[in-house]
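As structure tokens, the structure follows; a few thoughts come after it.
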Amino acid sequence: MSSAALDVFGIGQCSIDYLGRIAEYPPPDAKCELFDLTVQGGGPVATALVALSRWGMRCAFAGVVGNDHLGAAIRGSLDAEGIDTTGLTVRTGTDSQFAFIVAEPESGRRTIFWRRPTGPPPEPDEIDASLLRTARVLHTDGLFPEASLAAAAVAHEAEVEVVVDAGSMRDGMFELARSCGHFIASETFLRSFAPDVSPLDACRRIAELGPSVVAITLGRCGHVAIADGRAIARPAHLVESVDTTGCGDVFHAGYIYGLLQAWDVERRLEFGSWAASRVALRLGGRAGIPSVSEWLGAESEP
């Protein structure tokens, strides 16, 4: 990797999440009491950058908000974490992304109701290419395919590693796979991409597009990966889950942190898996982000 003034440049979703806990999901026309209502910043890339910033990495974020109170709250949640938000574009007269999330701790399930930002996505020329070129890693969730692909092209020219969070199937995902070195997908993406093949075979198919590392997270079943043609399969760190919001986001953060530390791929994936399990112990994607020192302590235990 190149020497850098910035560790991670992120482009993707940012949100305000309203979260609550329920005993079980209600049928239609029923009343359901909500507990532990909390409000946190959210979004896959934004939350990954929050974790990385807490772990001492220098991060910058590019995305879109409206000029509403949610947009101000989103920017404030990132600014408070020390993340550079000069690339956060404000679309006048539009609404920001938000989500309402209900978690069912007894079942380990959650339900997300969300609205994407109503303003136009970032244009490729709105991405600060000069700042991106100073980074060591570009991280994107592909929500804005044109801007993400343009950013990946800049990253490739500047020898910046590209990590893709394939949380769901979107336009441009396969083009991003061809433009990245690290493609980490969710079980939801797997069901859309190749529902009738094994997760490892799905990794192999994606790896044919070019990434050196392809991984799929499988919740309680752990994760699998193909790294330079070599198969990896590991169990999950099982916990009594309160809420799985943000687990995938922080898995990516753990992987990226390990990449920046030049860890081997198994250790990157294992740190991501462990960090994701800690997040599941708290409501919301950011409240339970653990410290690196906790991981080092857990890693050294027999």
Side-chain angles (χ1 to χ4, degrees), residues 8 10-15 17 19 40-52 54-55 59 61 63 97 99 101 103 108-112 114 116 137 139-143 148 162-170 173 176-177 180 182-193 199 202-203 206 211 213-225 232-239 241-259 265 268-290 295:
V8 186
I11 174 173
Q13 296 185 63
C14 55
S15 174
D17 293 348
L19 306 109
Q40 293 181 34
V45 170
T47 296
L49 295 188
V50 167
L52 286 159
R54 291 183 189 178
W55 298 336
C59 301
F61 179 76
Q97 180 173 323
I101 302 166
R109 300 180 303 186
R110 54 155 187 183
T111 304
I112 301 175
W114 74 291
R116 68 182 65 238
V137 171
H139 183 39
T140 180
D141 56 25
L143 181 68
S148 295
V162 180
V163 179
V164 173
D165 177 349
S168 59
M169 183 68 75
R170 295 192 175 101
M173 275 297 179
L176 277 173
C180 76
H182 312 265
F183 191 92
I184 303 177
S186 70
E187 194 170 8
T188 300
F189 180 92
L190 172 65
R191 288 196 296 266
S192 297
F193 168 62
C203 287
I206 298 168
V213 177
V214 178
I216 297 177
T217 59
L218 300 166
R220 287 185 169 271
C221 294
H223 62 269
V224 298
I232 298 168
R234 294 289 186 273
H237 293 264
L238 296 179
V239 297
S241 173
V242 172
D243 176 26
T244 59
T245 301
C247 291
D249 313 340
V250 175
F251 187 107
H252 285 80
Y255 181 90
I256 292 168
Y257 182 85
L259 181 63
V265 66
R268 293 176 225 159
L269 291 165
E270 191 65 15
F271 178 44
S273 175
W274 176 85
S277 74
R278 301 301 98 184
V279 170
L281 296 173
R282 302 280 297 276
L283 195 62
R286 299 183 184 177
I289 295 171
W295 157 249

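When a residue number appears, it is its place in the shown sequence, counting from 1.
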**Report entry** Heavy-atom closest contact (L52 atom, A253 atom, distance)
**Finding:** CD2-O, 3.4 Å
Query raised in the report: Is there a donor-acceptor pair closer than 3.5 Å between any side-chain N or O of S15 and the backbone N or O of G43?
Result: no
Query raised in the report: Rounded to the nearest 0.5 Å, how far does NE2 of H252 lie from NE2 of H139?
Result: 5.5 Å
Report task. Starting at NE2 of H223, measure out to CD1 of I184 and round the result to the nearest 0.5 Å. Result -> 9.5 Å
Report summary line: Per ring-ring contact (aromatic ring centres under 6.0 Å, His included), F183 is matched among F189, F193, Y255 by F189
Report summary line: Partner of L259 under side-chain contact (heavy atoms from CB on, under 4.5 Å), picked from V213, V265, V163, is V163
**Report entry** Pairing residues for D141 by the side chain to side chain donor-acceptor pair (under 3.5 Å) criterion, not counting sequence neighbours
**Finding:** none
**Report entry** N/O donor-acceptor pair under 3.5 Å between Q40 side chain and L283 backbone
**Finding:** yes
**Report entry** Least distance between heavy atoms, A225 atom then C203 atom
**Finding:** CA-SG, 4.2 Å
Query raised in the report: Does R282 CZ have over 12 foreign heavy atoms under 6.0 Å away?
Result: no
**Report entry** Atom of P211, atom of I206 and distance for their closest heavy-atom approach
**Finding:** CD-O, 3.5 Å
Report summary line: Nearest heavy-atom contact between Q13 and P44 is CB-CD, 3.7 Å
Report task. Could you tell me whether the side chain of R220 and the main chain of V239 form a donor-acceptor pair under 3.5 Å? Result -> yes
Report summary line: Taken to the nearest 0.5 Å, the spacing of R110 CZ from C247 SG works out to 7.5 Å
Report summary line: Between R170 and L143 the two heavy atoms that sit nearest each other are NE-CD1, 3.7 Å
Report task. May I ask you to test the R191-M169 pair for a side-chain heavy-atom distance under 4.5 Å? Result -> no
**Report entry** Interatomic distance, E187 atom CD to I216 atom CD1 [nearest 0.5 angstrom]
**Finding:** 9.0 Å
Query raised in the report: Between W55 and F271, is the ring centre distance below 6.0 Å?
Result: yes
Report task. Find the distance between SG (C59) and CZ (R54) and round it off to the nearest 0.5 Å. Result -> 12.0 Å
**Report entry** Test side chain to side chain donor-acceptor pair (under 3.5 Å) applied to S241 - qualifying residues, sequence neighbours left out
**Finding:** none
Query - Shortest non-hydrogen separation from V279 to G284 and the atoms involved - result: CG1-O, 4.0 Å
Query - Within 6.0 angstrom of R116 CZ, more than 12 heavy atoms from elsewhere - result: no
Report task. For V50 and D249, run side-chain contact (heavy atoms from CB on, under 4.5 Å): C-alpha distance rounded to whole Å, both residues' side-chain angles, the deciding distance at 0.1 Å, then the answer. Result -> CA-CA 10 Å; V50 167; D249 313 340; over 6 Å; no
**Report entry** Atom pair CG (L19) and CD1 (I112), whose distance is rounded to the nearest 0.5 Å
**Finding:** 8.5 Å
